[in-house]
Amino acid sequence: MVPFRAENPLDLPNRKCTVGCPNLDALLGGGVPCASVTELASESGCGKTQICLQLLLCAQLPESRGGLSSASLCLFSEPPFPLRRLQSLSLSFFGTNDPLDHIYVRGVHSADDLLATLDRVDSLLSNPPSSLPIGLIVIDSIAALFRSDFDNNPVDLRRRSNLFFRIASKLKAQARRHGAAVVVTNQVVDVVGSDGGVRVGNYAWLGSSGRRACPALGLAWANCVNTRLFLSREEVVVASDGASEESARVCRTRRWIRVAFAPHLPDSAREFVIVREGVFGFLGS
Ligand SMILES: Nc1ncnc2c1ncn2[C@@H]1O[C@H](COP(=O)(O)OP(=O)(O)OP(=O)(O)O)[C@@H](O)[C@H]1O
């Protein structure tokens, strides 16, 4: 078992990878921090994958443009990998498909497979296949790996927590040793009951699609990530013929990204949009 080391919360990472939008970078204090694990949590369809794809591309930008001058690695657990979306973003950001040469992609099908893959990632980080070092590791999604393989009994819960800690400890060690940014995506579960869930960071729960939700995988996993960003969405009526409640309505999806906790960021949020050209945040108030 890998020993867990206490972290100094004042030992703040300062190298960041741009998300590809100055307004989202402003929310994040410059981008996603290196040598640290950042989680994007949301219900389905909020934009986690789209932000990850944008980051995979932005890591290649030179430092003068907020990037890491690095290649990146994406481990995905819900096939198929969205190559068309990545190509479309690449065309929009770089005007070419070439940047895809510096994105390494691999499917993982279980938590044990992820752990074994991370062992092999060590040598990939030490001896990158191209001239660019690997500066960003994305895991999309971590929750999917834990969804079906575990029952709700004490033995499985202990095995699950044990795997969380081993995966997180490996990711943190790799992030620190190689100065890489690690981004993982997580799903959410509905919060039931009147008192909400266990408060983690700034919130016990957050609203999305009119429901109360909190990130999946519970307290054990929450303690494994350094920064948690929560994405939410709501359908809003932008036009209605006004005749009755059931009358014709035009709806639009509004999306927000919120800092649920981070050692280096205040509690804040930004509205954002997903368009063909990418993910873009609104100007802060
Ligand atoms: N090229 C595009 N143009 C406009 N909107 C897009 C585009 N690609 C994706 N979207 C929007 O992004 C949403 C899906 O985002 P994404 O797949 O990143 O969500 P997610 O949070 O990763 O969901 P899941 O948990 O199911 O993987 C879609 O519902 C769609 O509205």
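Reckoned from all heavy atoms, side chains included, excluding hydrogens, waters and symmetry mates. Source: prediction; values computed, not measured.
At a threshold of 4.5 Å between non-hydrogen side-chain atoms, the residues Leu206 and Ser232 do not count as touching. Inter-residue side-chain proximity for Ser208 and Val188 is flagged as unmet; no heavy-atom pair is nearer than 4.5 Å. Residues Arg233 and Ser209 are in side-chain contact: their nearest non-hydrogen atoms beyond the backbone lie under 4.5 Å apart. With a 4.5 Å cut-off on side-chain heavy atoms, Lys170 and Val121 do not count as touching. Between Leu53 and Pro82 the shortest side-chain heavy-atom distance falls below 4.5 Å. Contact of the Pro266 side chain with the Val259 side chain is not registered, since no non-hydrogen atoms from C-beta on lie closer than 4.5 Å. Considering only heavy atoms from C-beta on, Asn226 stays 4.5 Å or farther from His264 through its side chain. With a 4.5 Å cut-off on side-chain heavy atoms, Thr18 and Arg65 do not count as touching.
Taking each heavy atom of Cys34 and Leu68 in turn, the nearest pair found is SG-CD2, 3.6 Å. Listed here is the closest heavy atom pair of Lys48 and Ser42: NZ-OG, 3.0 Å. The two residues Ala111 and Leu163 come nearest to each other via the heavy atoms CB-CD1, 3.8 Å. The minimum heavy-atom distance between Thr253 and Glu235, with the atom names listed, is OG1-OE2, 2.6 Å. Between Gly20 and Cys58 the shortest heavy-atom distance is CA-SG, 3.5 Å. Counting all heavy atoms, side chain and backbone alike, Phe261 lies closest to Ala222 at CZ-O, 3.6 Å.
Between atom CZ of residue Arg177 and atom OG of residue Ser126 there is a gap of 7.0 Å, rounded to the nearest 0.5 Å. Between the OG atom of Ser70 and the CG atom of Leu56 there is a distance of 12.0 Å, given to the nearest 0.5 Å. Atom CD1 of Ile142 is separated from atom CG of Asn186 by 8.0 Å, given to the nearest 0.5 angstrom. Within the model, atoms CZ of Phe282 and CZ of Arg255 stand 10.5 Å from one another, a figure rounded to the nearest 0.5 Å. The CG atom of Leu40 sits 5.5 Å away from atom CG of Leu229, with the distance rounded to the nearest 0.5 Å. The structure places CZ of Arg258 at 5.5 Å from CG of Asp267, a figure rounded to the nearest 0.5 Å.
A distance-only check finds no donor-acceptor pair linking the side chain of Ser161 to the backbone of Arg158 [under 3.5 Å]. Proximity of a side-chain donor or acceptor of Arg270 to a complementary backbone N or O of Asn23 within less than 3.5 Å is detected. Side-chain atoms of Gln174 do not come within 3.5 Å of backbone N or O of Ile137 as any donor-acceptor pair. The backbone N or O of Val279 sits less than 3.5 Å from a side-chain atom of Gln54, completing a donor-acceptor pair. Between the Ser88 side chain and the Arg84 main chain, no donor and acceptor come within less than 3.5 Å of each other. A distance-only check finds no donor-acceptor pair linking the side chain of Thr96 to the backbone of Phe94 [under 3.5 Å]. With hydrogens and angles ignored, the 3.5 Å screen pairs a side-chain donor or acceptor of Ser130 with a backbone N or O of Leu132.
Using bins of under 30°, 30° to 60° and over 60° for the plane-to-plane angle, the ring pair Phe81/Phe76 lands in the tilted bin.
One finds no salt bridge joining Arg254 and Glu234 here, because no Lys/Arg side-chain nitrogen approaches an Asp/Glu carboxylate oxygen to under 4.0 Å.
Val184 pairs in a side-chain contact (heavy atoms from CB on, under 4.5 Å) with only one of the listed residues (Ile167, Val138, Leu171), which is Leu171.
Clustering ILVMFWY residues whenever any of their side-chain heavy atoms sit less than 4.5 angstrom apart, transitively, puts Leu124 in the very cluster that holds Val108.
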(request) Give the C-alpha distance, both sets of side-chain angles, the deciding distance and a yes or no for salt bridge (Lys or Arg N to Asp or Glu O under 4.0 Å) between Asp25 and Lys16. (result) CA-CA 9 Å; Asp25 285 346; Lys16 310 264 171 54; over 6 Å; no
